[in-house]
Every structure is written in C-alpha cells, then in structure tokens.
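Step one of this worksheet: look at the structure below.
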Amino acid sequence: MSGPRPVVLSGPSGAGKSTLMKRLMKDHEGVFGFSVSHYHFSTRDIVQEGIDNGEFIESAEFSGNLYGTSKAAIQDVQAKNLICILDVDIQGVRRIKETDLNPIYISIQPPSMEILEKRLRERLTETEESLQKRLEAARIDMELSKEPGVFDVVIINDDLERAYEELKDILNDVSKTYTVKVLSM
Ligand SMILES: Nc1ncnc2c1ncn2[C@@H]1O[C@H](COP(=O)(O)OP(=O)(O)OP(=O)(O)O)[C@@H](O)[C@H]1O
C-alpha cells in the first residue's frame, strides 16, 4: 500500500481515544482520515462475504452485528494522502498484527482504574452493567498493553493537554516522512 503509514489507536473504553481524535481532526483538518466501518452501509452477508474473501483487515461482532475495516477503506484514505487512523480494541490490534498493514501502534491508557471508572461514570453513557463490562475489559487491556512489542507507544492520558501534545508529536514524526501538507503541523 502506498501513502502515509496508518495509525492504530487502541486502549480501554473511556481512556480518551475519541476525545483525542476529535481534537486532532479539528486542529488538523485535511491531514487525518478514518477508515469507515462497513457495517453502516453493507448487509451482514456482504460483510461476511468480504471477510471470507480476505478483504477485511479486521472484523468483530458486537451484539449480533458485524463490524469490519476493509483494506479498500484504508487504501482510499491513503490514496488521499491522509493518515488513516484505526480505532480498534486489543483483539483488533492482534488481528492487524497478522496482516501486512504495518501501522504505528499507539495505546491510550488511563492513569489508573479508579480514574477510568470516574471518567466513565461522569460520561453518563453507561448502565451499571455496561460499566462493569467495560471495566473488566479495561483490566485485561491494561495488562496486555504492557506486554513488550505490542505497542510502539503507550500514552498515559492523565492531563489532556500533555497527552494530546505527545500524540501530536508522534503523528507529526509519522507524517513528516510522507506528506508535505502536514509539515506545518
Ligand atoms: N485527560 C482527561 N482528563 C479528564 N477527562 C478526560 C480526559 N480524557 C478524556 N476525558 C473524559 O473521559 C471520558 C471518556 O473519554 P472518551 O469518550 O474520549 O474515551 P474513549 O476511549 O473514546 O472511550 P470509548 O472507547 O468508550 O469510545 C469523556 O467523558 C472525556 O470527556
């Protein structure tokens, strides 16, 4: 694949991935792109067929729905000379590692389980049940992210400004090599 190297952003629910990505998109319009999950415009059968044919870089099933990131979606973003950001869970990271995508792997981690729980509660998006599920998954994610070689960089999202600057510096390094557009970042 040609074009800028994609970036995989992972980390537990509530770690701050969307918050950081929204800011990136706002501050650097026309630099980043996201691969779009095919679930929204394909039927389950079409997605399944694509997975069977090896057209997807990763896929996952949530609540009976199939989600996936197709190679074509990533290539579309790269062809526009944008850095494709993939927001995937730790299983997605493992599956992408088995492909030839060769992205930069970045993990966003909360400062502690206590702070993660507080942020998730204050976000007001969870029921007690879904919160507990997310916290359980977060414990596993936090352990796995410490394994050497899984992530290129682990960013601890304590102070948002500092974490954002760290993420920006990394992405700046990635993009400098590939596009002229982002040199002013
Ligand atoms: N550094 C920070 N300090 C304080 N609050 C933060 C910080 N970063 C994010 N938050 C808040 O924590 C909550 C969780 O963040 P966010 O929704 O971005 O997480 P996420 O990793 O995208 O989660 P999910 O995977 O569930 O979408 C949000 O309410 C957000 O405003």
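We count residues from 1, following the sequence as given. Atoms within a ligand are numbered from 1 in the order they appear, just like the ligands themselves.
Compare R119, R123, E126 by their heavy atoms: the one nearest to atom 24 (P) of ligand 1 is in R123.
The closest approach between any non-hydrogen atom of A163 and ligand 1 is not below 4.0 Å. Using 4.0 Å as the threshold, D158 has a heavy atom nearer than that to some atom of ligand 1. Using 4.0 Å as the threshold, G11 has no heavy atom nearer than that to any atom of ligand 1. By the 4.0 Å heavy-atom criterion, R134 is counted among the residues contacting ligand 1.
Put simply, OG1 on T99 and CD1 on I74 are 7.5 Å apart, with the number rounded to the nearest 0.5 Å.
Remark: minimum distance from atom 23 (O) of ligand 1 to any protein heavy atom is reached at G14 N, 2.8 Å. What sits closest to atom 25 (O) of ligand 1 on the protein, heavy atoms only, is K17 NZ, 2.9 Å. The closest protein non-hydrogen atom to atom 19 (O) of ligand 1 is G16 N, 3.1 Å. When hydrogens are left out, the protein atom nearest atom 27 (O) of ligand 1 is S18 OG, 3.5 Å; that is the closest non-hydrogen contact. At the shortest separation from atom 26 (O) of ligand 1 among protein heavy atoms lies S13 OG, 2.6 Å. The shortest contact between atom 16 (P) of ligand 1 and any protein heavy atom is with T19 OG1, 3.5 Å.
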Trace of the salt bridge (charged side-chain N to carboxylate O under 4.0 Å, His left out) decision for K168 with E165:
CA-CA 5 Å; K168 236 172 43 176; E165 288 304 315; 3.5 Å; yes

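A salt bridge between E58 and K97 is absent, with no side-chain N of the basic residue lying under 4.0 Å from a carboxylate O of the acidic one. Residues E98 and R94 are not paired through a salt bridge, judged by the lack of any N-O separation under 4.0 Å between the basic side chain and the carboxylate. We find that R121 and E117 are joined by a salt bridge, their nearest charged nitrogen and carboxylate oxygen being less than 4.0 Å apart.
Between the side chains of E136 and Q132, no donor-acceptor pair is found at a separation under 3.5 Å. Between the side chains of E129 and T127, no donor-acceptor pair is found at a separation under 3.5 Å.
Ligand-side atoms of ligand 1 in range of L160: 1 (N), 8 (N), range being under 4.0 angstrom from any heavy atom. Taking every non-hydrogen atom of P12 and a distance limit under 4.0 Å, the qualifying atoms of ligand 1 come out as 21 (O).
K17 contributes no side-chain N or O that, together with a main-chain N or O of S107, makes up a donor-acceptor pair within less than 3.5 Å.
For ligand 1, one of its N or O atoms has an N or O atom of N157 under 3.5 Å away.
Remark: of the listed residues L171, V154, D152, L171 is the sole one forming a side chain to side chain contact (heavy atoms under 4.5 Å, CB included) with I106.
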